[in-house]
Amino acid sequence: MLANLLAVGGALQLAPRLFTGFVDADVNRLLGLDAEREAALELVALGPDGSPAPPVAALDEIGHPTIPLSPSEVDYPLLREIHAASMLTTPDDVRVWRRGGGEGGGVEGGAPRPVVPLPSPRTASGRGLGDTIQRRGSTRQFGHAPLSGVELATVLWAATGDVEADVPASLVDLYLIVNAVDGVESGAYFYRPEDTALEPIRAGDLRGESAYLCLEQPLGGDAAAVLYFLAPLDEILAAFGDRGYRLANLLAGIAGGRAYLAAYALGFGATGLTFYDRHVVEFFSPHAAGKDAIFVVALGRSAGAGRATIVGNSILPRRPSA
Ligand SMILES: Cc1cc2nc3c(=O)[nH]c(=O)nc-3n(C[C@H](O)[C@H](O)[C@H](O)COP(=O)(O)O)c2cc1C
């Protein structure tokens, strides 16, 4: 939803700006939310800056009658605990939060590494945004037809675009497994947005490994390319405190949502996937050592009527060497 909102806001020249730091209880109260069941996650400002709002007198409590979101509620106490532990309680907390991050992740030290350049992304063609959002879904079965190098380059470019926000928004790194992309050798890579190029990590047919990493789901092996969003969580938590965990997930979610939109704009498919957290990091290490896996999006062409070939168990349980 946020990726869609940022895209539409940008297209309408409303300069969308993301606010990740706010006094949670005040915003929840303003919206009349029952904060045990529902809570504000982030704010998006749209339109030009106006004059500052006048000071607000104490607001009356809002208690909308609401229809239950679900006929049978499932409680996740841990989720509520995480949310409560990452709240900001005063305007001073918000000011400290905004000063939190330095330059963020993605900066690799040491000797320059070889890179594989990608073709220029297609930035001005494909489906219109409204049509793309209408059609955007999650592909349920990929065939093995390849993507073009331009298609992959365009998705990577879209996923890693700037986010106008109250904190640095480049805290998530993009690793990928390429299974079938014309002109790009199959293998594992790190994406360098500043060069729009791939840094090779491991060459070879990795469909089995990719399916395994994606919780042993065939989608992860049948996809033409699988994007793994990783973040240096320890560093983010050190800089931002517990709310940094929200931030890492939020930014990976935006990047993943943008990858979805780019795929559907270009006429192929995508799906979010769940994954074995630790094995993903091990697979991309030593490059990814110290980072955490946050989100995965697989890309490819829908299988249509034909069943893809990777489902056989012989290929799925192959564990990556630890
Ligand atoms: C965080 C996240 C994790 C997901 N994990 C999986 C998964 O492990 N397997 C799967 O088949 N689909 C997965 N999906 C795709 C969802 O099943 C799909 O988005 C959902 O069914 C809604 O369908 P739609 O995207 O077509 O609207 C995931 C989606 C998200 C956003």
Side-chain angles (χ1 to χ4, degrees), residues 1-8 39 41-42 69-70 74 76 78-79 82-83 86 127 129-144 155 158-160 163 171-177 179 206-231 233 245-281 283 291-304 307-311 313 315-317 319-320:
M1 287 169 69
L2 193 51
N4 292 355
L5 176 62
L6 295 175
V8 173
L41 294 174
E42 66 277 332
L69 291 173
S70 160
V74 181
Y76 295 97
L78 196 55
L79 235 172
I82 291 171
H83 196 74
S86 59
R127 266 185 201 133
L129 183 55
D131 193 19
T132 297
I133 290 174
Q134 292 289 339
R135 286 172 190 251
R136 176 224 175 276
S138 291
T139 305
R140 299 292 78 199
Q141 199 185 334
F142 290 115
H144 285 194
V155 173
T160 53
V163 180
L171 303 172
V172 174
D173 295 328
L174 208 167
Y175 290 77
L176 64 156
I177 292 179
N179 291 323
L206 300 172
R207 284 190 188 272
E209 284 81 349
S210 195
Y212 174 79
L213 293 175
C214 297
L215 271 189
E216 304 175 48
Q217 297 178 89
L219 281 164
D222 289 331
V226 184
L227 315 184
Y228 297 81
F229 298 97
L230 276 67
L233 257 191
Y245 187 64
R246 288 195 201 180
L247 188 59
N249 281 279
L250 180 72
L251 296 175
I254 293 172
R258 286 173 159 180
Y260 258 96
L261 284 179
Y264 281 84
L266 295 175
F268 53 95
T271 184
L273 288 176
T274 317
F275 47 88
Y276 288 125
D277 299 61
R278 196 162 43 78
H279 288 160
V280 168
V281 178
F283 177 82
K291 297 178 190 173
D292 285 272
I294 309 289
F295 188 31
V296 169
V297 173
L299 308 167
R301 300 195 195 283
S302 177
R307 185 93 188 107
T309 56
I310 196 168
V311 185
N313 277 344
I315 198 162
L316 279 186
R319 286 173 173 255

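Keep in mind it's a predicted model, so treat the numbers as computed, not measured. The figures here come from the full heavy-atom set of this structure, side chains too, leaving out hydrogens, waters and symmetry mates. Every number for a ligand or one of its atoms is a count from 1 in the order of the listing.
Put simply, the side chain of L129 reaches to within 4.5 Å of the side chain of V8, judged on heavy atoms. The shortest distance between side-chain heavy atoms of V296 and T274 does not fall below 4.5 Å. You'll find the side chain of L213 stays beyond 4.5 Å of the side chain of V226, heavy atoms only.
Of all protein heavy atoms, the one closest to atom 18 (C) of ligand 1 is S138 OG, 3.4 Å. In terms of protein heavy-atom proximity, atom 31 (C) of ligand 1 is closest to F295 CZ, 4.0 Å.
There is a protein heavy atom less than 4.0 angstrom from atom 28 (C) of ligand 1. For atom 22 (C) of ligand 1, no protein heavy-atom neighbour is found at a distance under 4.0 Å. Distance screen at 4.0 Å: atom 12 (N) of ligand 1 has a protein heavy-atom neighbour inside the cut-off.
Heavy-atom proximity to T271, at under 4.0 Å, picks out these atoms of ligand 1: 12 (N), 15 (C). Atoms of ligand 1 lying under 4.0 Å from any heavy atom of G137, numbered from 1 in the order shown and given with element: 25 (O), 26 (O).
Looking at T274 against ligand 1, both its backbone and its side chain come within 4.0 Å, counting heavy atoms. Under 4.0 Å from ligand 1, the heavy atoms of L219 that appear belong solely to its side chain.
Looking only at distances, no side-chain donor or acceptor of S302 sits under 3.5 Å from a matching main-chain atom of F142.
For F275, the closest heavy-atom approach to ligand 1 does not fall below 4.0 Å.
In this structure, R127 CZ and L261 CG are separated by 11.5 Å, a value rounded to the nearest 0.5 Å. To the nearest 0.5 Å, atoms OH (Y245) and CG (D292) are separated by 8.5 Å.
Residue G272 has at least one nitrogen or oxygen atom sitting less than 3.5 Å from a nitrogen or oxygen atom of ligand 1, judged on distance alone.
Among L233, L250, L251, the single residue meeting the side-chain contact (heavy atoms from CB on, under 4.5 Å) criterion with L171 is L251.
For atom 16 (C) of ligand 1, the nearest non-hydrogen atom from the set R136, Q217, Q141, R140 belongs to R140.
A donor-acceptor pair shorter than 3.5 Å cannot be found between the side chains of T132 and Y260.
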